[in-house]
Amino acid sequence: MIKDKLEQLVQQAIGAAKAEGKLPLLEIPPVVLEHPKEKAHGDWATNAALVLAGNVKMPPRAVAQIIVDSFGNTATYFDKIEIAGPGFINFYLSNRWLYDVLSQIREQGEKYGHSTIGAGQKVQVEFVSANPVGPMHIGHGRWAAVGDTLANVLSANGYTVQREFYINDYGNQMNIFAKSVAVRYAQLLGRDVPFPEEGYRGEYIKDIAREIIAEDNDKYMSVSEQDREAIFKERAYMQVLDHIKHTLANMGVVFDFWFSERVLHELSTVTKTIEELREHGYVYDSEGAVWFKATEFGEDKDRVLIRANGEPTYFAADIAYHKNKLERGFDKIINIWGADHHGYIGRMKAAVQALGYPADRLEIIIGQLVNLLRGGEPVRMSKRTGEMVTLDELLEEVGKDAARFFFLMRSTDSQLDFDIRLAKEQSNENPVYYVQYAHARISSIVRFAEAEGVSLHEDVKYSLLKTEPELDLIRKLAEWPEVLERAARQRALHPLTVYSQELAAAFHFFYTKCRVVGEDKDLSTARMSLCEATKTVLRNALGMLGVTAPERM
RNA sequence: GCGCCCGUAGCUCAGUUGGAUAGAGCAUCGGACUUCUAAUCCGAGGGUCAGGGGUUCGAAUCCCUUCGGGCGUGCCA
């Protein structure tokens, strides 16, 4: 990457100046390179001189001059190097450097932009992890998009990634779920049974009950209520889980592993984990319950692991689950949780430490909630009445591409306004189409060019690309590896959507200024290669997001 | 009360972890198709970066504080 090379060069220049005694430094601080906001300030800039100035007690611009003088022969890389403002050093890349980017893209294809910063490291991303008691909601859609794309990004950066879904198929929620189905079943068969206060009221519960009736009629009215609920629990569970998998598949998300919470209980893993923690002195009994000493790790309260009624808490099972994950040898386990779980982070990290692992082995990404809008108006949803827009309905209405792009457009730290009307609008208001359109447009040019006999032979004369729209587009293409690597480092995905829009914009601008297929064969070929490169990178970027890159629109 | 997230253009949001004159999209207004896709492009207006203090060569960014919004603060998950 250009950036690494530049950092190295600046580092060397400072080192040389130091060796010659021009800069009285003990050590060389890390050099920071950045893209100046102003185009007039060059392709890259460093504030190294400003940082060093205080150290060596010299004016920043003088320090900058010394660094620049130590650069040696630079003509092959730069058009010029300037000192500007308070002491910035601005680098103006030579076009040759930019043309190299085009050949790299051509050589590397879909691997262009990939890095090896994660090579040799195993990472697990756990996300969605919904209760299998009903259809997924919009929030799940956000975590699905975020988790899946994060996994894409990490693997593009060399990590070995596993996607995991933790199925919360144990405990009270499941019992209520089973009871809800059983009551609906009885009601549909004409029995006058009251619906439980805390039951799930969604229409889908009735659908499940109807299906059972369609298959087995009133067969289960003859068994005890307890047995009936037990039977329905399994049946409804399987159906809902299937449904969840189906919905996720519609979003383009496929998990490597589905981990059942039940299994932890069935194999006594939960109790064993608690005993292990007890041996290490992190567990005690009080008020009839079993407690975890979260306060040992800076938490404000200790937490219950086993209730006075003998039932383990969700937290206890989650510790056992995390122990299992940690023992599977991941260098990092990443959980994606909704904002409503953020209060849970501290105790989970405490548990990780109690299990003997460093707290940062576990990383938790908190995603803020999604506000659903339609034409600017909030969509009413009520958990109590079961009235809500499901993820299925959303996907049905706006499609996978728009859904994923919208879910990924904002920082996970920010709440997301999802406007259904905007997402399905096929107009300039919709950023998804804007990016996809750039790709379709290029495809169309390529088809036309081929029909006109323009072909991409080996020796493309890149140097014919020298106008601003062309060079700006190449500069944008050159940014992709930086964007992709930073996304992995920061675990932040929205810069990818921002980038895809910027790249599309750079292309559209180029398109209106530069005729691709024309009289001059060499120029046509050179521009064609630029189009192909752009197409490749657009596809790479959209691919990370899980959005399709259409050939036609 | 305490903890986490957020507060930047009329609206929705970026802002590369402290850099140069704070940027996009939408909306508004004005322009551009006989030539490869106008789902596009160009131009214009629009700002007390919620308020106040501090740290330093330099702050939207870091610290303190006030205000406003969301979430959490269970022997729920």
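Naming convention: chains lettered A, B, ... in sequence-line order (proteins, then strands); numbering from 1 in each chain.
- Taking a cutoff of 4.0 Å between a charged side-chain nitrogen and a carboxylate oxygen, A:Asp285 and A:Arg278 qualify as a salt bridge.
- Of all nucleotides listed (B:C57, B:U16, B:C75), B:C57 comes nearest to the side chain of A:Leu50.
- With C1' as the reference atom, B:G3 and B:U8 are 25 Å apart, rounded to whole Å.
- The residue A:Tyr344 sits close to a base: some heavy atom pair falls under 4.0 Å.
- Taking atom CZ of A:Phe406 as the reference point, atom C1' of B:C26 lies 11 Å away to the nearest angstrom.
- In B:U40 the base sits anti relative to the sugar, since the glycosidic angle is further than 90° from 0.
- When each of B:C71, B:C5, B:A39 is scored by its nearest atom to the side-chain atoms of A:Leu369, the top-ranked nucleotide is B:C71.
- No engagement by A:Asn371 is indicated, since no non-hydrogen atom pair under 4.0 Å with the nucleic acid exists.
- Nearest to the side-chain atoms of A:Met553 among the listed nucleotides B:G70, B:A39, B:A20 stands B:A39.
- The nearest whole Å value for the distance from the CD atom in A:Glu502 to the C1' atom in B:A14 is 9 Å.
- Between A:Arg489 and A:Glu485, at least one side-chain nitrogen of the basic residue sits less than 4.0 Å from a carboxylate oxygen of the acidic one, meeting the salt-bridge criterion.
- With sequence neighbours left out, the side-chain hydrogen bond (donor to acceptor under 3.5 Å, both in side chains) criterion links A:Glu299 to no other residue.
- Using a 4.0 Å cut-off, no side-chain N or O of A:Tyr434 falls inside it from OP1 or OP2 of B:U37.
- Using a 4.0 Å heavy-atom distance criterion, A:Ile306 is classed as making no nucleic acid contact.
- When distances run from any side-chain atom of A:His41 to the nucleotides B:G19, B:C36, B:A20, the shortest one goes to B:A20.
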Report the C-alpha separation of A:Phe91 and A:Leu9 in whole Å, then their side-chain angles, then the decisive distance to 0.1 Å, and conclude whether the side chain to side chain contact (heavy atoms under 4.5 Å, CB included) test is met. CA-CA 11 Å; A:Phe91 301 97; A:Leu9 287 172; over 6 Å; no
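- If you take atom P in B:C29 and the same atom in B:G72, they sit 42 Å apart, rounded to whole Å.
- Looking at heavy-atom distances under 4.0 Å, A:Ala438 makes no contact with the nucleic acid at all.
- At a threshold of 4.0 angstrom between heavy atoms, the contacts of A:Cys531 with the nucleic acid are absent.
- Stacking of A:Arg441 on the aromatic ring of A:Phe507 is not recorded, the 6.0 Å distance cut-off and the 45° axial limit not both being met.
- Using a 4.0 Å heavy-atom cutoff across all strands shown, A:His342 reaches at least one base atom of the nucleic acid.
- A salt bridge links A:Lys535 with A:Glu551; the closest basic N to acidic carboxylate O contact falls under 4.0 Å.
- Proximity of a side-chain donor or acceptor of A:Trp480 to a complementary backbone N or O of A:Val537 within less than 3.5 Å is not detected.
- Using a 4.5 Å heavy-atom cutoff, the side chains of A:Leu241 and A:Trp258 are in contact.
- A distance cut-off of 5.5 Å between ring centres, combined with a plane angle under 30°, leaves A:Phe88 outside any stacking arrangement with the base of B:G19.
- Place A:Lys301 and A:Pro86 on RNA chain B by their nearest nucleotides, and A:Pro86 ends up nearer the 5' end.
- Only A:Arg410, A:Ser411, A:Asp413, A:Ser414, A:Gln415, A:Asp417, listed by number, bring a heavy atom of residues 408-417 of chain A to less than 4.0 angstrom from any atom of RNA chain B.
- Between A:Asp302 atom CG and B:U73 atom C1' there is a gap of 15 Å when expressed in whole angstrom units.
- One finds no side-chain N or O of A:Tyr170 lying less than 4.0 angstrom from the OP1 or OP2 phosphate oxygen of B:A77.
- Atom NZ in A:Lys535 sits roughly 13 Å away from atom P in B:U37 (whole-Å rounding).
- Phosphate proximity of B:U37 to A:Ser444: present, with a side-chain N or O under 4.0 Å from OP1 or OP2.
- The residue A:Phe509 sits close only to the backbone: its heavy atoms come under 4.0 Å of sugar-phosphate atoms, none of a base.
- A side-chain contact (heavy atoms from CB on, under 4.5 Å) with A:Leu530 is found for one member of A:Val516, A:Leu473, A:Thr525 and no other, namely A:Leu473.
- Anti is the glycosidic conformation of B:C13, whose angle departs from 0 by more than 90°.
- The aromatic rings of A:Phe297 and A:Tyr282 lie tilted to each other, with the angle between the two planes from 30° to 60°.
- Here A:Ala449 lies out of heavy-atom contact (under 4.0 Å) with every strand.
- Taking atom C1' in both B:G52 and B:C13, the straight-line distance is 26 Å, to the nearest Å.
- Nucleotides B:A22 and B:G47, compared at atom C1', are 9 Å apart to the nearest Å.
- Taking for each of A:Ser286 and A:His508 the nucleotide of RNA chain B with the nearest heavy atom, the 5'-most of the two is the partner of A:His508.
- Ring planes of A:Tyr321 and A:Tyr166: parallel class, angle under 30° (limits at 30 and 60°).
- Of the candidates B:G19, B:C75, B:U21, B:G19 carries the atom nearest the A:Val51 side chain, counting heavy atoms from C-beta on.
- Look at the P atom in both B:A24 and B:A39: the space between them is 24 Å, to the nearest Å.
- If you take atom P in B:G46 and the same atom in B:G23, they sit 14 Å apart, rounded to whole Å.
- The P atoms of B:G74 and B:C67 are separated by 24 Å, rounded to the nearest whole Å.
- Heavy atoms of A:Glu519 sit nowhere under 4.0 angstrom from any nucleic acid atom.
- Taking atom CG of A:Leu372 as the reference point, atom C1' of B:G70 lies 17 Å away to the nearest angstrom.
- Using a 4.0 Å heavy-atom distance criterion, A:His494 is classed as a sugar-phosphate-only contact.
- For A:Arg307, no side-chain nitrogen or oxygen approaches OP1 or OP2 of B:G74 to under 4.0 Å.
- Of all nucleotides listed (B:C36, B:A77, B:U16), B:C36 comes nearest to the side chain of A:Tyr511.
- A donor-acceptor contact under 3.5 Å is not formed by the side chain of A:Asp340 with the base of B:G72.
- Here A:Ala53 lies out of heavy-atom contact (under 4.0 Å) with every strand.
- Counting any heavy atom pair closer than 4.0 Å across all strands shown, A:Glu452 reaches no nucleic acid atom.
- Between A:Arg515 atom CZ and B:C36 atom C1' there is a gap of 4 Å when expressed in whole angstrom units.
- OP1 or OP2 of B:A39 lies within a sub-4.0 Å distance of a side-chain N or O belonging to A:Tyr437.
- Residue A:Arg303 is classed as a sugar-phosphate contact, given heavy-atom separations below 4.0 Å to backbone atoms only.
- Across all strands shown, A:Ala45 has heavy atoms under 4.0 Å from base atoms, whether or not it also approaches the sugar-phosphate.
- Atoms NZ (A:Lys37) and C1' (B:A14) sit 12 Å apart, rounded to a whole Å.
- Between A:Arg303 and A:Lys293 there is no side-chain heavy-atom pair separated by less than 4.5 Å.
- Closest approach to the A:Gln490 side chain among B:C75, B:U17, B:G19 is made by B:U17 (side chain taken as heavy atoms from C-beta onward).
- Comparing the P positions of B:U16 and B:C6 gives a spacing of 13 Å, expressed to the nearest Å.
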